[in-house]
Each structure stands twice: as structure tokens, then as C-alpha cells.
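Take a look at the structure set out below.
Positions are given from 1 along the sequence. All of these numbers come straight from a predicted model, not from anything done at the bench.
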Amino acid sequence: MSGGGLFACLAFALTVGCAGAAAPDAASDASPSDALDAASDAASDAARDASVPDVPDAADAASDAGDQDATGADAAATSEEPWFEDVTERAGLGFERVAAEGWASLPDRMGGGVCVLDADGEGPFDLFFAMRPAGGSRLFAASTPLAYEDRTDALGLRGVGDALGCLAFDADADGDDDLLVTGLGTLELWLQQEGGFARADVLPSVDARTLRMSAAAADLDDDGDLDLLVAGFVELHPDFAPDPDTCVAEACAANIATWPPARNLLLLRDEAGRYHDAAETLAPALAVAEPTLVVTATDLDDDGHVDIFVGNDLGRTGVPDRVLRHDADGVYRDAPSLGLGRKGSGLSTCTMGVAHGDLDGNGRTDTLTTSFERDPSALYLCFADEPCEERGEAWGMGEAEGSFRWGAALADFDADGWLDVIESTGHLVTEGELAAAGLSGGPLAQRPNFYINEAGTGMRLLSPAATDGLSQSHQTRGLAVVDLDDDGRLDVVLAPNQGRPAALRNLRSSGHWLRVRLVGAALNSGGIGATVTVETAAGRWRRQKRAGEGYLGSFDPRLHFGLPTDAPARVRVDWPDGATTTVPSVAVDREVSIRR
């Protein structure tokens, strides 16, 4: 294999005698009077009596929005002012993460997730960092904005297993956030109870050698409660251990191609709150053994039903990403006709992270997948009644192909109505290991990639000022988008693989905003799977409520809309059970709670 082909895939098969990999197997409307959360007096007072002007149809809305000046993008082109401030130390998050096994193993190199949750019922959102070895994960709680304290022990989470990733969601529908933790031989559910968290023995047992990665929650069998998707990556079986006398030892131990792939899981929740794997019957294409890093549950074809996205490593060598569409009989089946998962060349990326959202303003859900160095991030733009098309390089995503990209998010950081892109970065292979194989590559620590959306026509990679928090290099994996200080501007937390995390506070959001908190039905208290549409005289914007995205973590559970106008907005929620709630007029620049 040539050096260029080698770099086209995460499985940096150094061709130096490592053991070969095992071949992978192949509605009714609710009353508007019920719309506002009774507990949200501020939101109720904010609703204005004036009606919202007629909103154009989707095509006209996208066209009108595209004609507006993208204030944030214009400012980025002319100003040296920073976009983000690094507040890591000031916020109390300046801990240092040290690799559990000297960074010699695959779990050491792949791990580092972060989840946003309310862990104590107080103040701003808290942060859980999933880390190795067992007992190494940490929970930081904030009673006031940007003032975090390590409360891992106090909240009962010191017993978390050998962790790489996490997922925050309300598993038992009691109104507070729980934690799913994944990792090496680790699949644990920690339920939040009064005074802290306790591990619940409700999940199937896992082999101690199985490396489990990202996870997602959604109602996958249409029974009203939340089920789970869990990515199986590889089996670290001793029979496949590399011979250190025949290769560069560290590189071989961390080489994905050394180890056989693992099965993914689709875990259905029963009435007793226990989970069982139903992948073989409900999603047969998910049950195969593939090196899967990320799974998401979201409506990819905009038909009102949740679909499954499966992001696989080794996509350049025959293990493409999969899209499993929710069919009429409730079974999820491989749907290559949607055009997701393969580039125009017919190859897939070596997918590390994934994010979904409407990038071009046409009302359809688009998908971004990150990849290995010299393999540009893929950007799948979707259109009505047509297959999606991969346009990453045409949209400018190749500008950062020299970086090794992991977690990603689509979010409106400048509040101009268009979703921007941020990617977490950091190399998987040391320069010494690359040199031993006759190859060259980037450094382990890299600065994050931040793209400004050019009004739905393409992405422009930002070159940050020296004073910008984005200018600092980190060795990170997961990320989370969250409003850390509740000022209406979206901030970013980067999870460390080695070294410290990075908390980046947004300084430059220049438009208006609306934040929507959903209070769902009894078995799905967070409204996961709902679609929220915000309409003003300037256009229409849609967001889907997801649990699990990016890489090894989950984001701010509130849905954030950047708006180019301060006019009142009409908000419609299409709940996952088919019901609809409409709030005819809501003032912007605030948070509103909407109850099912």
C-alpha cells in the first residue's frame, strides 16, 4: 500500500508485519394553550400579542435568507478580534489528563468524551469527562457560570468503569439527566437520584475485551420510551495481539487493522426499565461486526421517523458508513439510495465523528463526517425527492485536510441564521512512528477547525488571531457545544485525549437568538426525536432534538436558533409521537420552555 493510500484511512496499517485483521461481516395537534411550560413564567410573559407576519414557503424562505448579509462572516473577514476566549483555567477545568497505558494502546489513543448535563439541579449545565482507566472519569459541576468544581466523588461517580465515551439523557423519565458510559469492557448506566448517581444493573453484560464507543438514545421501536444505540468498535482479543519483534510495537498495539471488529447494539427498553439487544431483528444491517465509531438516531429523510446513521472507520478500505432507514414495518434497513455514506468516487470516509443539520437552508437535514489526515471531511447536502450529494471539497472542507479530525458540530456561532462548523483535532500516530514506517504527518496536538457558513453557499475556514482561543493547539477527541454562561452565545468544550481540556467562550455572536427547551411526554421527558421549527418574517429554521452526536459525547440539550432579526417568532414543535404544539408569538433573545 502506498503512503498516500495509507493516509486515506484511520487504520494506519504501517505494513510492518502486524497481525492481519479479521474480515468484517460484510398526528393529532395539541392545544396551543398547553404550549408553554407552566414553570417558565419568563417565557410566558415574553410571548407577544402581535401575530407573526405570513411566512413564505421553504424554498422562498431559504432564498430570502440567502440574500441577507451574513454579519458574522463579514466581520471575520475584516477583524482581528478573537472569536473565542479560552476560559479553561478561570472556569476551574484546567486538569491534566495522562494516558492510562502510556498511550501505547488503541483505547488510550481513541478516548476522550464529554457530555453536557444537569448533574445537581443547580445553576448552569455541568460537564462529565469520560476518561481511562476505571475510576478516571470526572464530573465538574457549576453553581454559577464558568465556575466549576470537581464533584466526582460527591455525586457518586468515582466508580465509573474504563471509559472512553458518554451519553447524557433521561433514561428513567423522572425529569433529570442520567449517564450512559462506554469504553473498554464498559457499558454502564448511571441513574441520577437524590444526592448523586447510582449504577443501575439494567444493561446486558459486555466482554471485557470489547471496545465500545459512541452511543445515542431515541425511541427506536415507537413505544414511547427511549432506547439505545451503542457502537461496537473492535475486540482486543489476545489471539490477535501483535508480535513486537516484527513491527513497531506501540504502533501495532494501536493499529485498528490488528483487531477484529465488534458488533453494534440496538438496546430496547422494556416496561421494567431493562434493556435487551434487538439489532438482529429490528436492524439486521446494524448487527454485523464493523469498526463503528459513531452512531446517531435522527430523521435523515425528513419523513417524521427516526433513522440510524452508522459511521465506520476503514471506509476507504471497504467498510462504508451506513444509513438505516425506518421502514413502514418498523424495521431499519440499509438505504444506499439516500446518497449518504459514500463520496462520488464510491468510497466512504474513515468516519471519526458526525453531525447533522440544515447547512444550505433548504429545509432538509444534511450530514458532516470527519476523517483522517489527507481525507477531507465529507459534507452530504440533501434535497427534496433526490439523493443527497457529497460536496465537502466543493464547499471548502478540504482547507483543513491536513488535520486529523474527530468530534464535529454544526451550530450557529455568529447567530446569523446559518449553521457553522467546528471540528476537534489531534493526531493518532506519533511522528516517530510515522517516520519508522517511512511516512510523515502532522503533530499530535493541533488547533481546532472553525468554519463560517457563507450564507448557504460554502464554508470558509477561519484563520484565528493570535489572541483567539482557537489558535491554541490541543490533543482532543470529543467536543460539546453548550452555552456555558447562558448569555445566548454558543460556546465549545473540547475533551482531552492527553493534556488539558479546552473551554472556549464565544465572544463574537452578533445576531439575535432563541433557545428552546423541550419538556416531553412521560416516557420521553426531553422530547428526544422532536423537530422544532422557528419562523420569522426573515425565514424558517429547523432543528431536531438528538441525544448523542459528534464523537463520544452529547451536547447542550436545548435547541439554539441564531436569528437575523429581533422580530417575534412563531415556534412549532412536531413531537416524536405525531402531536404538534404551536406557540404563535415568542419574543427572541431568550429561552422558552415548551411542554408536550
Side-chain angles (χ1 to χ4, degrees), residues 27-30 117 167-180 189 191 200 202-204 214-231 264-287 294-310 323-333 335 356 365 516-532 542-549 554-555 557-559 573-581 594-596:
S28 62
D29 289 354
L117 75 161
L167 175 70
F169 72 111
D170 186 2
D172 51 5
D174 64 352
D176 55 29
D177 292 330
D178 307 305
L179 271 172
L180 180 77
L189 182 62
L191 298 179
V202 296
L203 295 171
S214 299
D219 182 6
L220 298 169
D221 56 356
D222 299 321
D223 67 349
D225 63 11
L226 293 177
D227 311 302
L228 294 168
L229 296 169
V230 182
N264 299 310
L265 302 176
L266 190 158
L267 302 177
L268 297 183
R269 187 179 190 271
D270 63 24
E271 293 182 356
R274 301 190 65 84
Y275 296 82
H276 66 279
D277 186 17
E280 290 188 356
T281 56
L282 203 60
L286 180 74
V294 287
V295 286
T296 60
T298 192
D299 185 0
L300 292 167
D301 55 3
D302 297 296
D303 67 349
H305 295 286
V306 167
D307 307 301
I308 297 172
F309 182 88
V310 182
V323 175
L324 309 182
R325 190 192 335 232
H326 184 288
D327 282 347
D329 60 358
V331 176
Y332 295 86
R333 294 185 174 88
H356 307 287
T365 300
V516 179
R517 184 192 293 265
L518 297 180
V519 183
L523 297 178
N524 182 359
S525 67
I528 293 170
T531 297
V532 177
R542 296 172 66 246
R543 303 278 190 272
Q544 292 183 39
K545 176 68 178 291
R546 306 179 186 93
E549 197 170 5
S554 52
F555 301 170
R558 305 166 296 182
L559 298 178
V573 182
D574 292 292
W575 300 96
D577 63 359
T580 299
T581 302
I594 301 180
R595 183 182 296 276
R596 163 73 174 87

Checklist entry - Which atom names give the shortest non-hydrogen contact between Leu518 and Gly527, and what distance separates them? => result CD1-O, 4.0 Å

Item to check | Spatial distance of atom CG (Leu179) from atom CG (Leu167) [nearest 0.5 Å] | outcome: 8.0 Å

Checklist entry - Are any non-hydrogen side-chain atoms of Val519 and Ile594 less than 4.5 angstrom apart? => result no

Item to check | Residue pair Arg542 / Asp302, side-chain heavy-atom distance below 4.5 Å | outcome: yes

Next on the checklist: Rounded at 0.5 Å granularity, tell me how far CG in Leu523 sits from CD in Glu271.
Outcome noted: 9.5 Å

Next on the checklist: Side chains of Asn524 and Arg596, heavy atoms from C-beta outward: is any pair under 4.5 Å?
Outcome noted: no

Checklist entry - What is the distance from atom CG of Asp327 to atom CZ of Arg333, rounded to the nearest 0.5 Å? => result 5.0 Å

Checklist entry - Do Leu265 and Tyr275 have side chains that get closer than 4.5 Å, going by heavy atoms? => result no

Checklist outcome for this item: Rounded to the nearest 0.5 Å, the CG atom of Leu300 sits from the CZ atom of Phe309 at a distance of 8.0 Å

Next on the checklist: Please find the pair of heavy atoms, one from Asp223 and one from Asp221, that lie closest to each other, and give the distance.
Outcome noted: OD1-OD1, 2.8 Å

Item to check | Candidates Asp177, Asp174, Asp170 - the one meeting side chain to side chain donor-acceptor pair (under 3.5 Å) with Ser525 | outcome: Asp170

Checklist entry - Is it true that Asp303 and Arg325 have a side-chain N and a carboxylate O under 4.0 angstrom from each other? => result no

Next on the checklist: Checking the side chain of Glu549 only, and the main-chain atoms of Phe555 only, is there a donor and an acceptor separated by less than 3.5 Å?
Outcome noted: no

Item to check | From Asp172 atom CG to Asp178 atom CG, the distance as rounded to the nearest 0.5 Å | outcome: 4.5 Å

Checklist entry - Aromatic rings His326 and His305: how do their planes relate, parallel, tilted or perpendicular, breaks at 30° and 60°? => result parallel

Item to check | Ala168 versus Ser554, closest heavy-atom pair with distance | outcome: N-OG, 3.1 Å

Checklist entry - Okay, side chain of Asp299, backbone of Val306: is any donor-acceptor separation there less than 3.5 Å? => result no

Next on the checklist: Could you tell me if the side chain of Leu226 sits less than 4.5 Å from the side chain of Phe169, heavy atoms only?
Outcome noted: yes

Checklist entry - Considering all heavy atoms of both residues, which atom of Asn264 and which atom of Ala279 are nearest to each other, and what is their separation? => result O-CB, 4.4 Å

Next on the checklist: Tell me the closest heavy-atom pair linking Leu229 and Thr296, and the distance in Å.
Outcome noted: CD1-O, 3.8 Å

Item to check | Test log, rule side-chain contact (heavy atoms from CB on, under 4.5 Å), inputs Leu203 and Leu180 | outcome: CA-CA 10 Å; Leu203 295 171; Leu180 180 77; 3.7 Å; yes

Checklist entry - Do the side chains of Pro284 and Val331 get nearer than 4.5 Å, heavy atoms only? => result yes

Next on the checklist: With heavy-atom distances below 4.5 Å as the criterion, would you say the side chains of Pro204 and Leu267 are in contact?
Outcome noted: yes

Next on the checklist: Could you go through Asp219 and Asp227, starting from their C-alpha distance and side-chain angles, then the distance that decides it, and tell me whether this counts as side-chain contact (heavy atoms from CB on, under 4.5 Å)?
Outcome noted: CA-CA 5 Å; Asp219 182 6; Asp227 311 302; 3.7 Å; yes

Checklist entry - Going from CD1 on Ile528 to CZ on Arg546, what distance comes out if it is rounded to the nearest 0.5 angstrom? => result 12.0 Å

Next on the checklist: On a heavy-atom basis, which atom in Trp575 and which in Thr581 lie closest, and how many Å separate them?
Outcome noted: NE1-OG1, 2.9 Å

